[in-house]
Protein chains: 2
Amino acid sequence: MASDIIRSGIGRRTGIALWRQIADAIRAGITSGLGDKHGKLPPEMELAELFGVNRHTVRSAISALVSEGILRAEQGRGTFIIQPDRLTYPISKRTRFSASLAEQGQRGESRMMSHDVMPAPEEVAQALQLDVGAPVLQVRSVGVGDDTPVSRATAWFEHARFPDMADNLLRFNSVTRAFAACGLDDYVRISTRIEAYHATLDDVEILRLSPGSIVLVTFAINADLEGRPVQYSKTRFAADRVSLQVEHAPLS
Amino acid sequence: MASDIIRSGIGRRTGIALWRQIADAIRAGITSGLGDKHGKLPPEMELAELFGVNRHTVRSAISALVSEGILRAEQGRGTFIIQPDRLTYPISKRTRFSASLAEQGQRGESRMMSHDVMPAPEEVAQALQLDVGAPVLQVRSVGVGDDTPVSRATAWFEHARFPDMADNLLRFNSVTRAFAACGLDDYVRISTRIEAYHATLDDVEILRLSPGSIVLVTFAINADLEGRPVQYSKTRFAADRVSLQVEHAPLS
DNA sequence: AGGCATTTGTCCGTATGTATG
DNA sequence: CCATACATACGGACAAATGCC
């Protein structure tokens, strides 16, 4: 039954207050059928029964979501959902980060936060097929869509091969154009690894998450058309705001 | 100061208990430098100062992580991190579920739990390009590697086209061979969507997770060589036991 | 062996936050 | 608003196990 599905996961002495769990459940349930076609939630008493808690507890949850800007409560009429969709990020041979958001009609951009030339640590050296300690450009950026931070990325480029990469990235604000300005006309994604973790404190702060929420982490390698790696990047996505769409190559 | 960096993000009356926030912080910190080379955590008093809380609060966090199987506490010696390796699941045009585990030298198998012919709900009908209500075979299975449940999947097949699918799956315990027995020699993955969620009660039970842990959910469509969908499946992976590896097509 | 510092484990009491009716 | 029950967080004290001198 629907009530069982919704109630599942709500428990006591888990370290998370009931009102908070219910707030999370309502936030998650928004995508899967909670609320009618006008976005109206069931009345508080009904929600209380649904979750198996007191009406006061539901009220705490709702008031938290209202101050998060996810719900709107109207005296006498009901409580309504203000629904933001998940952003879909395509992952394909031709993944272009900056183009993804624009395609969905989302105002989105990637803001470079810092850049630095450093000796390659082992993980980066291995991905870029360089010697450990070889100079690499490290770039940190934050992806923003609809005024909400969605992802934060760290990318590395071989400094010897692309000495002007930092300048070009700053000028064009696009990896594709920056590569072009460095003399690389085309590149393809050769590998993507995906894992999921609990948000770190940095995630909580930068992506404006609540403690305990989830981040999807992608480890990606882009290469030139000869197959030589040109970029290694780790990106952390706010899991409740995105959907990663793997697009396999078309039939040959 | 370092303690200020780590302390940031830990807050009171947020609806999430301090011990829970600290447990999440330690869990997240394990991947990024918390703990020395032997996997030993700083002593409780030190962690308490680091997070700006009482030692008892840190102890609550640690005891939660111990019962999650992430930490091991030894009286008089210290608290240690238990690091199990992740299984890597390739996701490619030719993803074959049953072959994945075997390739890694892992004893793995997929156990069918139940099967049922039912009218296609909207999500399934859309994925398989059928009319809503058309008969489909629904199969639930659990993927097990090294005696630990790793994933649970629900798959749907068009019943009219593959009437003997259930029998063949039971007989061969392999999607690839069952398709072959139904007259379909080859198929390819055309779409994979990946999202991440908190574990539901069912996840906790079936995948033997602890409440609050993470599941990676993949939504996959396989098609025949003409591009007609033959299988739609949703798979829920225990996120701390797997790594999804997207393999892009080789350069043409 | 003994002595000592370090670290986890257990008990007490008390104040505050959360949840119910 | 109020009263009640339970979970959370703090502070202090001491016991138990380990390892080192």
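Proteins get letters first, then strands, A, B, ... in listed order; numbering begins at 1 in each. Worth knowing before you read on, the calculation uses all heavy atoms, side chains too, and leaves out hydrogens, waters and symmetry mates. Keep in mind that this is a model prediction, so the values were computed, not measured.
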Would you kindly say whether B:Tyr232 and B:Gln126 are connected by a side-chain donor-acceptor distance under 3.5 Å?
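The answer is no; no qualifying pair exists.
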Rounding to an integer number of Å, can you tell me how far [X] [atom1] sits from [N] [atom2]?
| X | N | atom1 | atom2 | answer |
| --- | --- | --- | --- | --- |
| B:Arg59 | C:dC12 | CZ | P | 15 Å |
| B:Arg72 | D:dA17 | CZ | C1' | 15 Å |
| A:Leu47 | C:dA19 | CG | P | 16 Å |
| B:Glu44 | C:dA5 | CD | P | 20 Å |
| B:Met45 | C:dG9 | CE | C1' | 15 Å |
| B:Lys40 | C:dT7 | NZ | C1' | 7 Å |

Around atom [atom1] of [X], are there more than 12 heavy atoms from other residues, nucleotides or ligands closer than 6.0 Å?
| X | atom1 | result |
| --- | --- | --- |
| B:Met45 | CE | no |
| A:Met113 | CE | no |
| A:Asp116 | CG | yes |

Would B:Trp156 and B:Lys234 count as a side-chain contact (heavy atoms from CB on, under 4.5 Å) here? Give the steps.
CA-CA 9 Å; B:Trp156 291 268; B:Lys234 288 202 275 193; 3.9 Å; yes
All N/O donor-acceptor pairs, side-chain side in residues 236-245 of chain B, below 3.5 Å, sequence neighbours left out:
from     : atom 1 : to       : atom 2 : distance (Å)
B:Arg236 : NE     : B:Asp203 : OD1    : 2.9
B:Arg236 : NE     : B:Asp203 : OD2    : 3.2
B:Arg236 : NH2    : B:Asp203 : OD2    : 2.7
B:Arg241 : NH1    : B:Pro149 : O      : 2.7
B:Arg241 : NH1    : B:Leu207 : O      : 2.8
B:Arg241 : NH2    : B:Leu207 : O      : 3.4
B:Arg241 : NH2    : B:Arg208 : O      : 3.1
B:Ser243 : OG     : A:Arg193 : NE     : 3.4
B:Ser243 : OG     : A:Glu195 : OE2    : 2.8
B:Gln245 : NE2    : A:Ser191 : OG     : 3.3

Protein-nucleotides 18-21 of chain D N/O pairs under 3.5 Å:
from   : atom 1 : to      : atom 2 : distance (Å)
D:dG19 : OP1    : B:Arg77 : NH1    : 3.3

Side-chain polar contacts of residues 69-78 of chain A - donor-acceptor pairs under 3.5 angstrom, sequence neighbours left out - could you list them?
from    : atom 1 : to      : atom 2 : distance (Å)
A:Arg72 : NH1    : A:Glu74 : OE2    : 2.4
A:Glu74 : OE1    : A:Arg77 : NH1    : 2.5

Output one letter per nucleotide in nucleotides 4-11 of chain D: B when a protein non-hydrogen atom lies under 4.0 Å from the base, S when only the sugar-phosphate is that close, - when neither is.
---SSSSB
Determine which pairs satisfy ring pair (Phe, Tyr, Trp, His ring centres under 6.0 Å) with at least one residue from residues 62-83 of chain B, sequence neighbours left out, and list them in order.
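Counting only pairs at least two positions apart or across chains, no ring pair (Phe, Tyr, Trp, His ring centres under 6.0 Å) contact touches residues 62-83 of chain B.
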Polar pairs (N or O, both sides) under 3.5 Å between protein and nucleotides 14-16 of chain C?
none

